[in-house]
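Report on the following structure.
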Number of protein chains: 2
Amino acid sequence: MSTPRSTDARTNTRADVAQKILDQATRLFAAHGFDAVSLADISGRVGIRKPSLLYHFRSKDTLRQAVLEELLAHWNDVLPKLLMAATTGTGQFDAVLAKTVAFFADDRDRARLILRELLDRPTEIQPLIEAHVRPWVTIVADYIRRGQEAGRLRFEVDPLSYVAHVTILVIASLATFDAVAALAPSTETRKQLLERHTQELLRIAKTSLFRPRPGASREPSSIQPPE
Amino acid sequence: MSTPRSTDARTNTRADVAQKILDQATRLFAAHGFDAVSLADISGRVGIRKPSLLYHFRSKDTLRQAVLEELLAHWNDVLPKLLMAATTGTGQFDAVLAKTVAFFADDRDRARLILRELLDRPTEIQPLIEAHVRPWVTIVADYIRRGQEAGRLRFEVDPLSYVAHVTILVIASLATFDAVAALAPSTETRKQLLERHTQELLRIAKTSLFRPRPGASREPSSIQPPE
DNA sequence: CCTACCGATCGGTAGG
DNA sequence: CCTACCGATCGGTAGG
């Protein structure tokens with residue numbers, strides 16, 4: 001009874017308790033914020049005692065950093081695909097934008113965690129911004145500048161500022177969706193509402209970036225080169 | 001020495017200590033969040049002891065509500081002007097948008113406080129949204145629908161979703177400005193950067209709402225009626 | 001508006 | 001992974 005089976009039913013005991021701790025910490029930090037969540041809250045949901053949690057993570061701040069690192073690790077998973085889509089040339093801006101939205105829509109806790117860090121630790125997280133956001137922003141901003149020179153993109157766009165705004169819009173809209181959804185008519189399911197809301201976000205981002213094709217206001221199928 | 005002068009130097013003692021408490025609580029709640037700020041933090045900045053603070057506000061939660069009510073009172077000050085600008089007819093959308101941005105840019109703590117409430121208490125603040133945001137959103141959404149019928153505004157715009165996104169964008173961009181500003185080149189002053197950033201926000205909002213005037217891409221001065 | 005004080009809870013440690 | 005326990009700090013009260 002006390003001897004663990006080789007790799008079976010109770011194999012999950014050694015180091016993936018740490019994963020359960022990370023999961024619950026992520027949920028609770030995202031929902032209530034770092035300071036409002038106690039270690040007892042987290043350990044309670046995992047089913048262990050507080051000192052046991054501190055065996056896996058030596059302090060509450062260590063746990064916060066681990067939660068953030070897991071988030072950034074996932075981000076680094078999709079980043080290469082994003083960058084490739086951006087550099088592969090014309091019309092791929094849609095793919096970059098859609099993939100970025102998908103990353104945060106996939107798990108809105110990601111949006112909430114980042115927004116909270118932006119609010120709570122504006123200066124402390126700048127190394128993380130520098131490492132994980134800067135390269136992406138730079139590449140997209142360069143893409144925009146080339147698109148402007150080629151005449152595909154609106155010349156009035158402020159590339160860096162535009163990227164910052166769209167990024168914040170994606171994150172904040174998904175992070176606050178629960179609160180904002182109350183304004184919508186209740187005939188829709190939440191999933192439908194989120195889908196419609198996301199579509200409008202993409203429309204705003206694209207319409208304010210691409211130059212209008214002449215006479216394309218009514219017939220989206222008539223593709224013509226600019227000028 | 002102990003008798004207070006009629007209405008002079010020390011007149012400010014009775015009930016405007018409460019105002020100093022409100023001011024400091026607003027600053028600290030906006031910067032660090034409700035749970036991360038202790039009553040001792042606040043009273044310390046005011047220059048009184050914690051029990052003295054609790055004489056003016058019977059509990060920490062009462063103080064939180066008072067901070068929020070002061071913010072909403074200021075909002076109610078500008079709301080009538082906003083609504084008037086929206087209903088007065090053509091082309092006044094700019095005024096509504098600019099006034100809304102000005103409200104939050106004027107004191108970015110307002111943006112931070114609201115964003116925190118949206119994150120921390122998504123369900124609890126819905127009565128406040130219903131009372132203070134719903135009427136404004138409804139009127140602007142109606143304005144958009146009329147503009148669409150008149151052919152001035154893009155027919156693809158989802159009115160309610162558009163208003164929600166632009167509102168969130170205004171609030172979140174100003175709330176997180178400190179953290180995002182680090183991405184910008186450092187040759188600019190912060191004020192210049194904020195100005196440029198705000199201009200791009202307005203451009204995004206307007207470009208994605210108004211229908212393009214034929215041939216207006218290069219000459220912004222040639223105003224023509226749609227179709 | 002103060003001093004003195006309360007029980008509860010916090011993050012974290014000892015020691016096994 | 002646990003029980004037992006620590007000092008510090010929390011929001012709030014008593015009583016003046």
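Just the heavy atoms: all of them, side chains too, but no hydrogens, waters or symmetry mates, feed the values below. Just so we're on the same page: letters track the sequence lines, and every chain starts at 1.
Atom-to-atom, OH of B/Tyr55 to P of D/dG16 comes out at 17 Å; the value is rounded to the nearest Å. One interatomic measurement links the two molecules: CD1 of A/Ile42 to C1' of C/dC10, which rounds to 13 Å at whole-angstrom precision. The nearest whole Å value for the distance from the NZ atom in B/Lys60 to the C1' atom in D/dG12 is 12 Å. Going from atom CG of B/Asp61 over to atom C1' of D/dG12 covers 13 Å, rounded to whole Å. When rounded to the nearest whole Å, the span between CD1 of B/Ile21 and C1' of D/dG11 equals 15 Å. The distance from atom CG of A/Asp35 to atom P of D/dG11 is 12 Å, rounded to the nearest whole Å. Summarising the geometry, the separation between CG on A/Leu53 and C1' on D/dC2 is reported as 14 Å, rounded to the nearest angstrom. For the pair B/Leu54 CG and C/dT3 P, the computed distance is 15 Å after rounding to whole Å.
Between C/dG11 and A/Ser59, no contact under 4.0 Å exists linking OP1 or OP2 to a side-chain N or O. Contact annotation: B/Arg49 side-chain N/O to C/dT3 OP1/OP2 distance is under 4.0 Å. Between B/Ser38 and the phosphate of D/dT9, there is no side-chain N or O to OP1/OP2 separation shorter than 4.0 Å.
Residue A/Val17 places its side chain closer to D/dC1 than to any other of D/dT3, D/dC1, C/dG11. The side chain of B/Pro51 approaches D/dT13 more closely than any other nucleotide in the set D/dT13, C/dC1, C/dG12. Closest approach to the B/Lys50 side chain among D/dC2, D/dG11, D/dT13 is made by D/dG11 (side chain taken as heavy atoms from C-beta onward).
Summarising the base pairing, D/dC2 is matched to C/dG15 through a Watson-Crick or G-U wobble pair whose two defining distances lie under 3.5 Å.
If you check every strand for non-hydrogen atoms under 4.0 Å, B/Ile48 touches sugar and phosphate atoms only. Here B/Val46 lies out of heavy-atom contact (under 4.0 Å) with every strand. A/Leu39 comes within 4.0 angstrom of the backbone, heavy atoms only, and of no base.
There is a side-chain donor-acceptor pair under 3.5 Å between A/Gln19 and A/Glu70. No side-chain N or O of B/Glu156 forms a donor-acceptor pair with one of A/Gln199 less than 3.5 Å apart. Side chains of A/Ser38 and A/Asp41: a donor-acceptor N/O pair is present below 3.5 angstrom, by distance only.
Relative to the ring axis of A/Phe34, A/Arg121 places its NZ or CZ within 45° and under 6.0 Å from the centre.
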| query | How far apart are the C-alpha atoms of B/Arg145 and B/Val157, what are their side-chain angles, what is the distance that settles it, and do they pass the side chain to side chain contact (heavy atoms under 4.5 Å, CB included) test? | reply | CA-CA 9 Å; B/Arg145 283 189 203 95; B/Val157 174; over 6 Å; no
